[in-house]
There are 2 protein chains.
Amino acid sequence: MSPARTDHDARRHDVSEAVWRVLAEHGFAGLTLRAVAAAMGASTGLVTHYFAGKHELIAHALDILEARTRQRPRLEAPAATGLPALRIHLLDILPLTPDGVAINRIWVGSWDVALSDPALFAAQATRYERIRAVLRAAIEDAQRLGELPARADAWRLATTALSFTHGLVVQALFAPDRLPPEHQIELVDDFLAGLAADADQST
Amino acid sequence: MSPARTDHDARRHDVSEAVWRVLAEHGFAGLTLRAVAAAMGASTGLVTHYFAGKHELIAHALDILEARTRQRPRLEAPAATGLPALRIHLLDILPLTPDGVAINRIWVGSWDVALSDPALFAAQATRYERIRAVLRAAIEDAQRLGELPARADAWRLATTALSFTHGLVVQALFAPDRLPPEHQIELVDDFLAGLAADADQST
DNA sequence: CTACATACCGAACGTTTGTTATGAATGTGC
DNA sequence: GCACATTCATAACAAACGTTCGGTATGTAG
């Protein structure tokens, strides 16, 4: 019942990493079973042994996107709350390291496929919903702590913050010289300062 | 020397529109010569007659992206200046109409290909640079008119504004129910109000 | 009318794609 | 050691791909 000469999960993870490498270099347009196999010096038979088909390969890649972003080596260890926590969350998204660049390259690239496939579309929509929820929680914390104007709608603020961050990701990917890590961080800090200062504004 | 029974430019434009339709529905992943030919009820021979190959097809599609955004039916006719002009520019980008949705769907989808092909990458980078320049001009106008804090760096503000807008585009595409046109406009207005109010903030 | 250039179809080409089947290793359970 | 399950390479497969090309129709130029 259990002839396991190799660790199934470990091998599967190897394939997953090969997929990652292919996507980081050639995008979803260059994702083929043979490319994945070549990236790990194996045959297509191995790939299909761990993933039923290309569609499962893509779905799995999108799965790890969210997880990888969350499991990123945190920039600052202490479990922050409120505004600092929101800051960390936003910075964790940005392409500040080579690894972060790869993640975001894949992330941005995934939008083309996700917008055309109903199943992937729904999955991605849910994922972004979840990210917004995390940001909203941090924002509500910040409001309770008086770091952000309590009057503002937390969900709207979360949407705005995620919009700004995702857009910044795209700009940074296309103009890495113009937007090096330090510069990105400055823009985030300016953005957050703007949110905090926006206390005496009405419609 | 000029046997022209059909208008060459007009036919080329027809092909261009067929490409557009394919991209809007199936993204760059679904862009094939046969799909384009089928979309206009013609043969692949016709397509290759007006465009040398698939690569030229993609390049042309990216070309019209910027142009289409600029030639959009303006939401408000009067040639505004300063902050209102900036507002219009941002609103022109957003997917507020079915046509705007199509444009942005293609736009967002183009990032996967553009990030993997050096030539397309450079072209897109230049395009975004150009958009930022337009926004910066409007921002500098607004600063001169006292609508925005004069102390802030105009280029940074332009980057922030474009980041926010592009990110909002992505969110709106993936959550159209959550972010209907009116809601998007509200978020933009909130964002601009935040910029205007950010006058008493220091590092 | 003759020559010629353009417009376009239709089909073929070689390649690459995802998928599937065969079979040889190599282990475990009894 | 005799099944049997897992692992994986190899190879085949049809489908779809980008590209190329011969052929026909239809115009203009002289």
Side-chain angles (χ1 to χ4, degrees), chain A residues 1-23 25-62 109-110 112-114 116-120, chain B residues 1-23 25-62 109-110 112-113 116-117 119-120:
Chain A
M1 184 78 92
S2 56
R5 82 178 161 198
T6 63
D7 186 348
H8 187 92
D9 291 343
R11 267 275 191 271
R12 196 178 146 96
H13 182 261
D14 288 346
V15 179
S16 172
E17 278 224 333
V19 172
W20 200 259
R21 252 173 286 136
V22 172
L23 286 178
E25 195 159 356
H26 302 105
F28 282 81
L31 179 68
T32 66
L33 295 185
R34 287 169 171 85
V36 173
M40 62 187 298
S43 67
T44 70
L46 185 148
V47 179
T48 60
H49 184 69
Y50 291 97
F51 292 91
K54 183 176 183 179
H55 204 270
E56 275 209 17
L57 228 55
I58 295 180
H60 181 71
L62 297 197
S110 77
D112 183 54
V113 234
S116 292
D117 184 295
L120 298 181
Chain B
M1 184 77 92
S2 58
R5 81 178 160 197
T6 64
D7 186 349
H8 187 91
D9 290 343
R11 266 277 191 271
R12 196 179 147 96
H13 182 261
D14 287 347
V15 179
S16 172
E17 278 225 332
V19 172
W20 200 259
R21 252 172 287 136
V22 172
L23 286 178
E25 195 160 356
H26 303 105
F28 282 81
L31 180 68
T32 66
L33 295 186
R34 288 168 226 272
V36 173
M40 62 187 299
S43 67
T44 69
L46 186 147
V47 180
T48 58
H49 184 69
Y50 291 97
F51 292 91
K54 182 177 182 177
H55 205 271
E56 274 207 18
L57 228 55
I58 296 180
H60 182 72
L62 297 197
S110 77
D112 183 54
V113 235
S116 292
D117 184 295
L120 297 181

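The sequence lines fix the lettering, A, B, ..., with proteins before strands; numbering per chain opens at 1.
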_Interatomic distance where CZ belongs to A:Arg12 and P belongs to D:dT7 [whole Å]_ = 12 Å
*Can a side chain N or O of B:His8 be found less than 4.0 Å away from OP1 or OP2 on C:dT6?*
no
With 3.5 Å as the limit, what N/O pairs link the protein to nucleotides 11-15 of chain D?
none

*What's the spacing between A:Thr44 OG1 and A:His49 NE2 if we round to 0.5 Å?*
13.0 Å
*asked:* To the closest 0.5 Å, what do you measure between NE2 (B:His60) and CH2 (B:Trp20)?
replied: 9.0 Å
_Where A:Gly30 and A:Ala35 come nearest, the two heavy atoms and their spacing_ = O-CB, 3.9 Å
*What's the spacing between A:Asp112 CG and A:Leu120 CG if we round to 0.5 Å?*
11.0 Å
*Taking atom CZ of B:Arg12 and atom CG of B:Asp7, what is their separation to the nearest 0.5 Å?*
12.5 Å
*Hey, does A:Val47 have a side-chain heavy atom less than 4.5 Å from the side chain of A:Leu57?*
yes
*Any donor and acceptor pair, going by atom type alone, linking the side chain of A:Ser116 with main-chain N or O of A:Val113 inside 3.5 Å?*
no
*Looking across every strand, which nucleic acid part, if any, lies under 4.0 Å from B:Thr32 by heavy atom: base, sugar-phosphate, or nothing?*
sugar-phosphate
*Could you tell me the separation between the CG atom of A:Leu33 and the C1' atom of D:dC8, rounded to a whole number of Å?*
15 Å
*Above 12 or not: heavy atoms from other molecules or residues under 6.0 Å from NE2 of B:His8?*
yes
*Test item: B:Val15 and B:Phe51 side chains (from C-beta on) under 4.5 Å apart, heavy atoms*: yes
*Can you tell me if CD on A:Glu17 sees more than 12 non-hydrogen neighbours from other groups inside 6.0 Å?*
yes
*Of all of residues 47-62 of chain A, which get a heavy atom below 4.0 angstrom from DNA chain C, listed by number?*
A:Thr48, A:Gly53, A:Lys54
*Respond yes when some side-chain nitrogen or oxygen of A:Arg11 is under 4.0 Å from OP1 or OP2 of D:dC8, and no when none is.*
yes
*How close or far is atom C1' of C:dT16 from atom NE2 of A:His26, stated in whole angstroms?*
15 Å
*Is it true that B:Arg11 and B:Asp14 make a salt bridge, defined as a side-chain N closer than 4.0 Å to a carboxylate O?*
yes
I'd like a table of atom pairs between the protein and nucleotides 22-24 of chain D - only N or O on both sides, under 3.5 Å - with the distance next to each one.
none

*B:Leu46 near the nucleic acid: base, sugar-phosphate alone, or nothing, with a heavy-atom cut-off under 4.0 Å?*
sugar-phosphate
